Amino acid sequence: MAQWASFVAVGDSFTEGLDDPRPDGPGYRGWADLVAGVLAEDVAEFRYANLAVRGRLFDNITAEQVPLAVAMKPDLISFAGGGNDALRRSFEPETLVARFDKTIERLRATGADVVLFRFADLTGRMPGGKMLRARVDLFNTAIESVGTKHGAHVVSLWDDAEFANPRLWGIDRLHLSPAGHRRVAAHVLTKLGVTCDPEWLAAPPPPEELSWMSRKAADARWATQHLAPWVKRRLTGRSSGDMVTAKRPELAPLNEG
């Protein structure tokens with residue numbers, strides 16, 4: 001089994017850890033922290049940085065986070081970005097794919113192993129799902145192709161049917177629940193050839209069965225509490241991460257060995 005002494009996570013809310021509240025205090029944990037914790041178990045002074053910030057578009061990630069990740073010279077880098085771009089009217093798939101290719105080429109040129117993700121399907125729960133499905137299909141295909149081209153580890157969440165279970169998602173229906181983050185962490189570690197807690201890949205309980213009226217009430221609450229604020233941010237050019245900074249901005253020891 002290969003060993004990595006340092007890990008830098010790059011991306012948006014998916015990698016920052018929403019919606020997996022830290023069990024030991026404020027903020028979010030998420031799959032990247034879980035992966036780092038497992039990798040650190042047998043490595044003295046394992047170093048870890050999580051540069052991801054919610055709401056970041058692809059160009060923000062490549063301009064703000066990628067140069068920092070390259071400068072840190074880690075053994076392992078995860079990159080997950082572009083999902084926020086796909087939700088916007090201005091989405092230009094050909095341009096994004098070309099930039100994605102150059103970005104992964106740059107990360108691999110450092111000598112680091114790179115982890116990429118084919119996104120899980122959440123289009124069935126989002127407005128404009130038919131349009132989004134075509135975009136996700138295109139981008140996932142490009143991620144697989146670019147990953148193969150540059151020798152990256154591609155984790156395919158799309159192929160895991162369990163992500164259709166609402167229990168793996170938070171109340172906003174967009175971010176992963178704690179169980180969802182554990183499942184992603186398990187997929188990453190498995191792809192890297194690292195053993196993890198088998199419970200992380202255990203099938204979640206089936207979704208709660210609701211009456212038609214209860215489903216409509218839940219949809220109405222979701223639209224008011226989550227969809228409407230999201231649409232307002234899109235219309236005003238704001239982001240949920242405008243006042244948020246990276247939770248682990250420096251490549252620092254995760255343990256003392």
Side-chain angles (χ1 to χ4, degrees), residues 1-17 27-83 96-118 142-155 181 184-196 241 244-257:
M1 182 182 71
Q3 280 195 330
W4 296 270
S6 51
F7 170 37
V8 174
V10 172
D12 51 30
S13 57
F14 168 73
T15 302
E16 184 187 344
Y28 296 97
R29 180 178 54 183
W31 67 264
D33 285 17
L34 294 170
V35 167
V38 173
L39 296 179
E41 290 176 356
D42 298 318
V43 180
E45 296 187 1
F46 181 89
R47 297 180 301 154
Y48 169 54
N50 190 328
L51 307 179
V53 177
R54 70 197 73 171
R56 289 298 192 263
L57 296 171
F58 188 89
D59 286 349
N60 299 130
I61 295 171
T62 56
E64 300 165 6
Q65 299 176 31
V66 168
L68 290 176
V70 170
M72 290 175 182
K73 300 180 180 179
D75 300 326
L76 180 67
I77 301 172
S78 68
F79 183 95
L96 181 61
V97 169
R99 291 173 179 169
F100 181 76
D101 183 24
K102 293 296 184 184
T103 299
I104 305 310
E105 180 180 36
R106 181 181 182 186
L107 295 177
R108 285 288 288 143
T110 67
D113 287 322
V114 173
V115 175
L116 306 176
F117 297 88
R118 296 181 73 236
I143 290 167
E144 183 75 45
S145 177
V146 170
T148 299
K149 175 181 176 181
H150 296 295
H153 300 277
V154 180
V155 177
H181 278 284
V184 172
H187 278 301
V188 172
L189 291 166
T190 300
K191 176 63 70 171
L192 295 175
V194 178
T195 302
C196 66
V244 179
T245 57
K247 62 181 180 180
R248 287 181 178 269
E250 298 179 356
L251 192 60
L254 193 62
N255 58 32
E256 298 302 327

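These figures come from a predicted structure and were not determined experimentally.
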(request) Please assess Trp4 against Val194 for the test side-chain contact (heavy atoms from CB on, under 4.5 Å), listing each intermediate value before the final yes or no. (result) CA-CA 11 Å; Trp4 296 270; Val194 178; 4.0 Å; yes

(message) Assess the residue pair Ile61 and Leu51 against the criterion (side-chain contact (heavy atoms from CB on, under 4.5 Å)); give the C-alpha distance rounded to whole Å, side-chain angles, the decisive distance to 0.1 Å, and a yes or no.
(response) CA-CA 9 Å; Ile61 295 171; Leu51 307 179; over 6 Å; no

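Rounding to the nearest 0.5 Å gives a distance of 8.5 Å between CD of Gln65 and CG of Asn50. Between Ile143 atom CD1 and Thr148 atom OG1 the span is 11.5 Å, to the nearest 0.5 Å. For the atom pair CD of Glu105 and NZ of Lys102, the computed distance is 5.0 Å after rounding to the nearest 0.5 Å. Summarising the geometry, atom CG belonging to Leu116 is positioned 10.5 Å from atom CD1 belonging to Ile77; distances are rounded to the nearest 0.5 Å. Taking CZ from Arg47 and CG from Leu76, the interatomic distance works out to 12.5 Å, rounded to the nearest 0.5 Å.
Shown here for Ala36 and Phe46, the closest heavy-atom pair between the two residues is O-CE2, 3.8 Å. Contact detail for Ala112 and Pro74: the closest heavy-atom pair is CB-O, 3.4 Å. Between Gly82 and Asp12 the shortest heavy-atom distance is N-OD2, 4.5 Å.
Looking only at distances, a side-chain donor or acceptor of Glu16 sits under 3.5 Å from a matching main-chain atom of Arg54. For Asp75 (side chain) and Gln3 (main-chain N/O), no donor-acceptor pair under 3.5 Å exists by modelled atom type. Under a 3.5 Å cut-off, the side chain of His181 and the backbone N or O of Gly17 do form a donor-acceptor pair.
For the salt bridge (Lys or Arg N to Asp or Glu O under 4.0 Å) with Asp101, the lone residue among Lys149, Arg106, Arg108 that qualifies is Lys149.
A perpendicular orientation is assigned to the rings of Phe58 and Phe79, their planes being inclined by more than 60° (bins at 30° and 60°).
The number of heavy-atom neighbours closer than 6.0 Å to CD of Glu250, taken from other residues, nucleotides and ligands shown, is 12 or below.
No side-chain heavy atom of Thr110 sits less than 4.5 Å from a side-chain heavy atom of Lys73. Side chains of Phe7 and Ser78 form a contact here, defined as non-hydrogen atoms less than 4.5 Å apart.
Inspection of the Asp33 and Tyr28 side chains reveals no N or O donor paired with an N or O acceptor under 3.5 Å.
Trp31 has its ring centre less than 6.0 Å from the ring centre of Phe14.
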